[in-house]
Amino acid sequence: MVRFVSVLFLLAALADDDADNRLARDIYRELIEINTTESSGSTTKAAEAMAARLKASGFPDQDVYLLGPNPRKGNLIARYRGLGLRKPLLLLAHLDVVEARPDDWSVDPFKFLERGGYFWGRGTTDDKAMAAVWIATFVRLRQEHYVPNRDLIVALTADEESGDSNGVQWLLANHRDLVDAEYTLNEGGESQMSDGKYVLNAVQPSEKTYQSFRLEVRNSGGHSSRPGKENAIYRLSEGLTRLAKYQFPVRLNEVTVEYYKRMATLYTGQTAADMRAIAKNPSDRAAASRLSQSPYHNALLRTTCVATLLEAGHAENALPQTARAVVNCRILPGDSPAEVRSTLVRVLDDPRITVTALSEATRSEASPLRPEVMGAIERITAQLWPGIPVIPLMSTGATDGLYLRNAGIPTYGVSGFFEDIDDTRAHGRDERLGVKQFYEGREFLYRLVKALSS
Ligand SMILES: [Zn+2]
């Protein structure tokens with residue numbers, strides 16, 4: 001009898017799983033087939049489609065908002081009312097996608113396709129899986145008559161990838177009350193597989209700050225048949241050569257210390273020893289220099305600044321009147337862009353090379369590794385993928401999380417959509433996500449939302 005009951009229970013659970021998968025897949029399909037590129041798409045259409053789904057599932061009109069700075073760049077904000085015992089939990093995903101030219105792809109990027117164990121289409125990984133799952137989770141929780149201990153907010157936003165109507169920035173500036181939260185779950189986590197085997201589930205509480213600087217040398221120029229000692233190109237080049245040899249100091253933070261501690265368990269030999277050593281003592285120069293051989297570890301260990309653009313002179317037969325370079329910096333959380341500029345000035349070591357910030361950097365302090373958040377992620381990871389470690393990760397790139405962190409709302413990148421680390425196709429051609437991995441991620445995020453609101 002006990003066995004019979006448990007079989008029935010299992011069958012019922014499987015049937016539910018089927019229904020949940022169908023719902024999430026259907027929303028996912030709808031999002032993929034709405035073009036949300038900067039050049040020819042609209043996030044408003046996608047936001048409207050998701051608003052319609054929520055209203056059809058019982059969300060009152062006054063809890064579903066469509067807002068944006070212009071008709072093409074709409075953002076969807078939806079509120080799931082809870083008991084109000086704590087500040088809300090914000091669930092964020094961006095609706096816009098990177099351009100995709102059908103000629104470059106082997107399938108139509110804006111036609112949802114299930115083939116060979118994958119879902120294909122632009123945005124399947126970045127970031128429409130997450131957007132679809134947030135909406136599916138809201139619908140499912142409502143069907144269950146779930147009452148969270150706090151409000152849950154879903155924000156699906158515009159212009160994360162490009163364009164000048166970044167939804168998160170715009171919402172923080174114009175409707176802060178609608179997105180204000182204790183903390184946020186966002187993209188930026190990495191659930192990694194290698195050769196079909198699951199390796200780790202990474203949480204991203206921190207990312208580097210992006211800041212470019214223009215370097216410039218000017219002089220009076222003249223006829224190139226009578227060159228003098230002074231030359232703008234030589235002067236700038238010499239400065240750049242000094243910069244090329246410079247390394248910013250190694251600095252670890254709570255996230256990278258924990259990262260190296262836990263990653264050490266996945267490696268063997270010298271690399272494992274170096275990871276353990278640097279986590280214990282950031283001034284271990286031998287360990288730092290061996291790890292820094294890898295551009296990835298170098299980027300984790302320090303602020304980096306690298307020359308990316310160069311332009312000089314105005315004619316083949318004239319001495320250059322200007323020489324300019326752009327240096328792109330990725331700054332560790334905690335380092336200030338102004339300090340980095342002073343370091344550049346010192347390293348270039350030439351008062352005639354001017355250094356100007358190209359734009360106002362948005363600083364992004366690391367979010368604290370909250371035991372509540374890390375604990376829930378570890379617990380649910382162990383339920384769904386026993387033995388797979390949870391690793392905190394600082395992104396070397398940037399997401400919308402930086403605007404939220406800068407506004408004092410801690411943000412955690414976490415997904416549960418496992419992808420092969422040697423075959424990531426976000427922003428590239430033939431973007432796809434495993435069918436099984438999408439459904440697992442759906443369940444993972446659903447359980448996580450529940451764990452953080454009950
Ligand atoms: Zn993205």
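Both ligands and their constituent atoms are indexed starting at 1 by order of listing. Note: hydrogens, waters and symmetry copies are ignored here, and every other heavy atom, side chains too, is used.
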Item to check | Any N, O or S atom of Glu161 closer than 2.8 Å to the Zn ion (ligand 1) | outcome: no
Next on the checklist: Determine whether Tyr118 and Leu433 satisfy the following criterion, side-chain contact (heavy atoms from CB on, under 4.5 Å), listing intermediate values before the conclusion.
Outcome noted: CA-CA 5 Å; Tyr118 292 92; Leu433 178 64; 5.9 Å; no
Checklist outcome for this item: Partner of Ile331 under side-chain contact (heavy atoms from CB on, under 4.5 Å), picked from Cys305, Pro337, Ser364, is Pro337
Checklist entry - For the Zn ion (ligand 1), does an N/O/S atom of Glu160 lie at less than 2.8 Å? => result no
Next on the checklist: Restricting to non-hydrogen atoms, name the atom on Glu38 and the atom on Gly163 that form the minimum distance, rounded to 0.1 Å.
Outcome noted: OE1-CA, 3.6 Å
Checklist entry - Hey, would you say the Phe417 and Phe444 ring centroids sit under 6.0 Å apart? => result no
Next on the checklist: What is the name of the N/O/S atom of Asp126 that is nearest to the Zn ion (ligand 1)?
Outcome noted: OD1
Checklist outcome for this item: To the Zn ion (ligand 1), the closest N, O or S atom belonging to Glu187 is OE1
